[in-house]
K.L.:
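This structure is in structure tokens; I'll ask about it shortly.
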Amino acid sequence: MKINKEIRRLSRELLRASFTDGQLNHGKIASLVQSFIEQKRRHYIAILENYRRLLRLELEKRHARIESASELTPEVSSGIISNLQRKYGPYLTTEFLLNPELLGGLRIHVGSDVWDETVRNRLERLEQNLTVI
């Protein structure tokens with residue numbers, strides 16, 4: 001089903017109502033969904049599907065995935081976390097992953113933002129530049 005303006009507007013209103021003090025409130029989300037299901041408003045399934053999509057995007061914006069080729073020291077990890085929280089807010093959650101394929105450096109994902117300063121990425125860019133010449 002195509003999402004019309006009414007569905008988009010109502011799902012955004014649901015998202016705005018889901019916050020308490022700048023954080024998503026899981027209790028509010030559950031009660032909003034339950035009341036919406038009970039009311040069975042027009043297009044309520046499409047509204048709830050779009051609401052779920054908006055919630056997923058909001059959760060992704062508040063979660064950072066940091067990949068490195070080797071284990072990071074606690075000082076480096078805390079510095080990265082503090083810098084990311086300064087940029088994205090204090091409610092940012094973090095996840096550190098080891099990925100030996102990166103060869104070195106860091107790759108950070110926060111929502112749709114990606115910072116890729118890995119050795120593998122630099123080598124791939126260098127290879128692309130050399131094949132163009």
K.L.:
Between Leu55 and Ile29, is a side chain to side chain contact (heavy atoms under 4.5 Å, CB included) present by the stated rule, with each step listed?
P.N.:
CA-CA 9 Å; Leu55 283 172; Ile29 292 170; 3.9 Å; yes
K.L.:
To the nearest 0.5 Å, tell me how far Asn83 CG sits from Ser78 OG.
P.N.:
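The CG atom of Asn83 sits 9.5 Å away from the OG atom of Ser78.
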K.L.:
Would Tyr44 and Ile7 count as a side chain to side chain contact (heavy atoms under 4.5 Å, CB included) here? Give the steps.
P.N.:
CA-CA 8 Å; Tyr44 76 98; Ile7 292 171; over 6 Å; no
K.L.:
Set out, in order, the CA-CA distance, both residues' side-chain angles and the distance that settles side chain to side chain contact (heavy atoms under 4.5 Å, CB included) for Phe36 and Arg41, then state yes or no.
P.N.:
CA-CA 7 Å; Phe36 225 78; Arg41 297 176 71 161; 3.8 Å; yes
K.L.:
Are any non-hydrogen side-chain atoms of Leu97 and Ile66 less than 4.5 angstrom apart?
P.N.:
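A side-chain contact under 4.5 Å is absent here.
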K.L.:
Taking atom CZ as the centre, does Arg53 end up with more than 12 heavy-atom neighbours from other residues, nucleotides or ligands that are less than 6.0 angstrom away?
P.N.:
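Yes, enclosed.
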K.L.:
Does one side chain, of Glu38 or Gln34, offer a donor that lies under 3.5 Å from an acceptor on the other?
P.N.:
yes
K.L.:
Roughly how far apart are Leu14 CG and Arg12 CZ, rounded to 0.5 Å?
P.N.:
11.5 Å
K.L.:
For the residue pair Ala69 and Gly104, what are the closest heavy atoms and their distance?
P.N.:
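Answer, listing the atom of Ala69 first, then Gly104: CB-N, 3.5 Å.
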K.L.:
Side-chain contact, heavy-atom cut-off 4.5 Å: Val76 with Ile80?
P.N.:
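The answer is yes; the side chains approach within 4.5 Å.
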K.L.:
Are the side chains of Ser68 and Leu98 in touch, meaning some heavy atoms are under 4.5 Å apart?
P.N.:
yes
K.L.:
Supply the atom-to-atom distance Leu10 CG to Arg42 CZ, rounded to the nearest 0.5 angstrom.
P.N.:
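It is 11.0 Å, given to the nearest 0.5 Å.
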K.L.:
As a test of understanding, state which of Arg56, His63, Arg62 forms a side chain to side chain donor-acceptor pair (under 3.5 Å) with Glu60.
P.N.:
Arg56
K.L.:
If you compare all heavy atoms of Lys40 against all heavy atoms of Ile37, which two are closest, and at what distance to 0.1 Å?
P.N.:
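Nearest pair, atom of Lys40 first, then Ile37: CG-O, 3.0 Å.
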K.L.:
Does Glu13 come within less than 4.0 Å of Arg16, counting only side-chain N to carboxylate O?
P.N.:
no
K.L.:
Do Phe19 and Leu57 belong to the same hydrophobic cluster, where Ile, Leu, Val, Met, Phe, Trp and Tyr are linked whenever their side-chain heavy atoms lie under 4.5 Å apart, directly or via other members?
P.N.:
no
K.L.:
With clusters defined by side-chain heavy atoms of hydrophobic residues (ILVMFWY) lying less than 4.5 Å apart, directly or transitively, does Leu59 cluster with Leu92?
P.N.:
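Result: no, two separate clusters.
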K.L.:
If you define the side chain from C-beta out and look only at heavy atoms, does anything of Glu58 sit under 4.5 Å from Leu24?
P.N.:
yes
K.L.:
Decide if atom NZ of Lys87 counts as having more than 12 heavy atoms of other residues, nucleotides or ligands within a radius under 6.0 Å.
P.N.:
no
K.L.:
With heavy-atom distances below 4.5 Å as the criterion, would you say the side chains of Glu117 and Arg122 are in contact?
P.N.:
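A side-chain contact under 4.5 Å exists here.
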K.L.:
Is there a chain of hydrophobic side chains (I, L, V, M, F, W, Y, each step under 4.5 Å between heavy atoms) that links Leu54 to Ile45?
P.N.:
yes
K.L.:
Testing the basics here: between Trp115 and Val110, what is the closest heavy-atom pair and its distance to 0.1 Å?
P.N.:
CZ3-CG2, 4.2 Å
K.L.:
Say whether Leu102 and Ile108 are linked into one hydrophobic cluster, either directly or through other cluster members, by side-chain heavy-atom distances under 4.5 angstrom.
P.N.:
no
K.L.:
How far apart are the closest heavy atoms of Gly79 and Ser82, and which atoms are they?
P.N.:
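In terms of heavy atoms, the two residues are closest at O-OG, 2.9 Å.
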K.L.:
Using the rule that Ile, Leu, Val, Met, Phe, Trp and Tyr join whenever any side-chain heavy atoms are under 4.5 Å apart, tell me whether Val119 and Leu106 fall into a single cluster.
P.N.:
no
K.L.:
Of all the heavy-atom pairs spanning Arg120 and Glu101, show the shortest one and how long it is.
P.N.:
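Answer, listing the atom of Arg120 first, then Glu101: NE-O, 2.7 Å.
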K.L.:
From Phe96 CZ over to Glu71 CD, what is the distance, rounded to the nearest 0.5 angstrom?
P.N.:
9.5 Å
K.L.:
Taking all heavy atoms of Asp116 and all of Asn121, pick out the closest pair and write down the distance.
P.N.:
O-ND2, 3.0 Å
K.L.:
Could you state the interatomic distance from OG (Ser11) to CD1 (Ile47), rounded to the nearest 0.5 Å?
P.N.:
7.5 Å
